[in-house]
*Asks:* 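Dumping the structure here so I can ask a few things about it.
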Protein chains: 2
Amino acid sequence: MKTARNTTAKTAVLEIFGKSKIALSHTEIYKQIEDVCDRVTVYRILDRLVNDDIVHKIVDLDGTVKYAKCHHHAQRVHIHNHAHFSCEKCLEITCLENVKPSYIMPHNYKVNNINFTLSGLCPNCLNSNI
Amino acid sequence: MKTARNTTAKTAVLEIFGKSKIALSHTEIYKQIEDVCDRVTVYRILDRLVNDDIVHKIVDLDGTVKYAKCHHHAQRVHIHNHAHFSCEKCLEITCLENVKPSYIMPHNYKVNNINFTLSGLCPNCLNSNI
DNA sequence: AACTAATTGCAACATTGTTGCGATATTATT
DNA sequence: AATAATATCGCAACAATGTTGCAATTAGTT
């Protein structure tokens, strides 16, 4: 089995996630640590973090890919089926950990995963719009 | 105002959509008509079709962008807030026109649009899996 | 300190999408 | 049917994002 290592680059990425309340793109992360490591390294670190369930990957309505830290509740198995909100104005993506959609599927489909993304105006931009 | 024209390329693209029950990517469409027109032309036609509400754009869980013909019900204004199903095996995306999620949002968010994509096994692949 | 394997940097490549501009083709007009 | 106006196209060039191979480096272990 593989034993993950704590490298400078990985620590730097995790620190960024720790500080951010919103989801970040590869580019946004890389910009903050371009003197620490290579562009490719950031891609690889993100891949590993997603694989290790430390970070989850979110695809925006536009197709923009972002990443956010997972919030593990207790020791339970972590499921990513919560909703995400994508603000049309500031372009920030926020996890709505408590919003879970209910829906009725046709027969004969086996649902393994869901992606529920809402877009519009976040509380911040809604206020500044008045 | 602009008056849309019926060009050979546009007709070819529309014909492909007519025949397909699933959502198609730019690449999939272009492969079928690469002797008819340029790659860029396909991009532009898709853009226009989306703008004219003839086709809608779907972003997969992976970030794959696909397009599918809109089904207009009566003369009503067309809304794209239906669900999409993305099969993990055959990678096909199907519109679930009748699946609409219900959910409760926190206050202070203004929701303009939603994207609800489910992934798993489609009826076809579910059967062939037994 | 030496060893092993995870991780990195670099260079090169692939895919997807965009833009500018002169040429072409469609539609409406005469 | 010929003409005019302009929507659309082809091409070339570029940009952004992501991937891969491989040799060099480095973290964690013995």
Side-chain angles (χ1 to χ4, degrees), chain A residues 1-17 22-68 86 91-93 115 117, chain B residues 1-17 22-68 86 91-93 115 117:
Chain A
M1 72 229 114
K2 284 208 165 197
T3 357
R5 292 181 182 178
N6 286 320
T7 64
T8 324
K10 187 182 171 187
T11 310
V13 171
L14 283 176
E15 202 165 314
I16 291 174
F17 276 122
I22 59 168
L24 302 166
S25 68
H26 165 269
T27 313
E28 287 163 341
I29 294 166
Y30 177 57
K31 269 189 200 150
Q32 293 188 49
I33 51 168
E34 46 187 348
D35 43 326
V36 175
C37 69
D38 194 70
R39 204 172 62 89
V40 179
T41 302
V42 175
Y43 276 115
R44 297 202 256 231
I45 289 174
L46 289 173
D47 279 354
R48 269 178 272 141
L49 291 178
V50 168
N51 251 299
D52 297 349
D53 235 25
I54 294 167
V55 149
H56 64 284
K57 187 177 172 179
I58 307 155
V59 176
D60 202 353
L61 296 190
D62 323 322
T64 319
V65 175
K66 301 211 174 179
Y67 301 86
S86 163
L91 301 180
E92 287 187 355
I93 295 187
N115 175 300
T117 309
Chain B
M1 72 228 115
K2 285 208 165 198
T3 358
R5 293 181 182 178
N6 286 320
T7 64
T8 324
K10 188 181 170 187
T11 311
V13 171
L14 283 175
E15 203 166 313
I16 291 174
F17 277 123
I22 60 168
L24 302 166
S25 67
H26 165 268
T27 313
E28 287 164 341
I29 294 166
Y30 177 57
K31 269 188 201 152
Q32 293 188 49
I33 51 168
E34 46 187 350
D35 43 325
V36 175
C37 69
D38 194 68
R39 202 171 64 89
V40 179
T41 302
V42 175
Y43 276 115
R44 297 201 257 229
I45 289 175
L46 289 172
D47 279 354
R48 269 179 273 140
L49 291 178
V50 168
N51 252 298
D52 296 348
D53 235 25
I54 294 167
V55 149
H56 63 284
K57 187 177 172 180
I58 308 154
V59 177
D60 200 355
L61 296 190
D62 323 321
T64 319
V65 174
K66 301 211 172 179
Y67 301 86
S86 164
L91 301 180
E92 287 186 355
I93 295 186
N115 175 301
T117 309

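So that the names make sense, note that chain A is the first sequence line, chain B the second, and so on, each numbered from 1.
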*Asks:* Tell me the interatomic distance from A:D62, atom CG, to D:dT17, atom C1', rounded to whole angstroms.
*Replies:*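 A:D62 atom CG is separated from D:dT17 atom C1' by 15 Å.
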*Asks:* I need the minimum non-hydrogen distance between A:Q32 and A:D35, along with the two atoms involved.
*Replies:*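 Scanning both residues, the minimum pair turns out to be O-OD1, 4.5 Å.
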*Asks:* Assuming nearest nucleotide by heavy-atom distance, tell me which of A:V40 and A:I45 is located more 5' along DNA chain C.
*Replies:*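 Its nearest nucleotide lies further toward 5', so the answer is A:I45.
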*Asks:* NA contact type, A:V42, heavy-atom cut-off 4.0 Å: base, sugar-phosphate, or nothing?
*Replies:*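 Answer is nothing: A:V42 stays at 4.0 Å or more from every strand.
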*Asks:* So B:K66 and B:E28, do their side chains get closer than 4.5 Å, heavy atoms only?
*Replies:*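 The answer is yes, as the side chains (C-beta and beyond) meet within the 4.5 Å cut-off.
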*Asks:* Is B:T7 close enough to D:dA7 that one of its side-chain N or O atoms is under 4.0 Å from OP1 or OP2 there?
*Replies:*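 Checking B:T7 against D:dA7: no side-chain N or O falls below 4.0 Å of OP1 or OP2.
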*Asks:* Output the rounded distance in Å from CD1 (B:I29) to C1' (C:dT15).
*Replies:*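 My rounded result for the distance is 16 Å.
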*Asks:* In whole angstroms, how far is the P atom of D:dC9 from the CG atom of B:L46?
*Replies:*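 Roughly 11 Å, once rounded to whole Å.
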*Asks:* Look at B:T27 and C:dT16 and indicate whether a side-chain polar atom (N or O) is within less than 4.0 Å of OP1 or OP2.
*Replies:*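 Result: yes.
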*Asks:* Is it the case that the base of D:dG10 and the side chain of B:R44 share a donor-acceptor contact (distance under 3.5 Å, atom types as modelled)?
*Replies:*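 Indeed, a donor on one side and an acceptor on the other fall under 3.5 Å apart.
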*Asks:* When you get a sec, tell me which of C:dT26, C:dG17, C:dC10 is the closest nucleotide to the side chain of A:D38?
*Replies:*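 Taking heavy atoms from C-beta onward, the closest nucleotide is C:dC10.
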*Asks:* Looking only at side-chain atoms of A:R5, point me to the closest of D:dG10, D:dT26, C:dG9.
*Replies:*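 Nucleotide nearest to A:R5's side chain: D:dT26.
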*Asks:* To check you understand the geometry: which heavy-atom pair defines the closest contact between A:V36 and A:A9, and what is its length?
*Replies:*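 A:V36 and A:A9 have their closest heavy atoms at CG1-CA, 4.1 Å.
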*Asks:* Could you give the OH-to-P distance, from A:Y30 to D:dA16, as a whole number of Å?
*Replies:*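 Distance check: A:Y30 OH to D:dA16 P gives 13 Å.
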*Asks:* Please confirm whether any donor atom in the side chain of A:R39 sits under 3.5 Å from an acceptor in the base of C:dG9, or the reverse.
*Replies:*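 Checked by distance alone, the answer is no.
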*Asks:* Assuming nearest nucleotide by heavy-atom distance, tell me which of B:D47 and B:N6 is located more 5' along DNA chain C.
*Replies:*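 That would be B:D47.
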*Asks:* Using whole Å, report how far CG of A:D52 lies from C1' of C:dA6.
*Replies:*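 In whole Å, C:dA6 C1' lies 12 Å from A:D52 CG.
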*Asks:* Looking at A:R48, I'd like to know whether one of its side-chain N or O atoms comes within less than 4.0 Å of OP1 or OP2 on C:dT7.
*Replies:*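 Result: yes.
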*Asks:* Does any part of the side chain of B:L49, heavy atoms only, come nearer than 4.5 Å to the side chain of B:L14, both counted from C-beta?
*Replies:*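 Yes. Closest side-chain heavy atoms under 4.5 Å.
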*Asks:* Check the pair A:L46, A:Y30 against side-chain contact (heavy atoms from CB on, under 4.5 Å), reporting the backbone distance first and the verdict last.
*Replies:* CA-CA 11 Å; A:L46 289 173; A:Y30 177 57; over 6 Å; no
*Asks:* Nearest whole angstrom, please: distance from the C1' of D:dT17 to the NZ of A:K66.
*Replies:*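 Computing the A:K66:NZ to D:dT17:C1' distance gives 14 Å.
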*Asks:* Give the rounded distance in Å between these two atoms: OH of B:Y67 and P of C:dT16.
*Replies:*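 Distance check: B:Y67 OH to C:dT16 P gives 12 Å.
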*Asks:* Of the nucleotides C:dC10, D:dT19, D:dA27, which one has an atom closest to the side chain of A:Y43?
*Replies:*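 Nearest listed nucleotide: D:dT19.
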*Asks:* Does A:T41 have a side-chain nitrogen or oxygen under 4.0 Å from the phosphate oxygens OP1 or OP2 of C:dG9?
*Replies:*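 Yes, within the criterion.
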*Asks:* Between B:I33 (CD1) and D:dT8 (P), how many Å, whole number?
*Replies:*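 Atom CD1 in B:I33 sits about 15 Å away from atom P in D:dT8.
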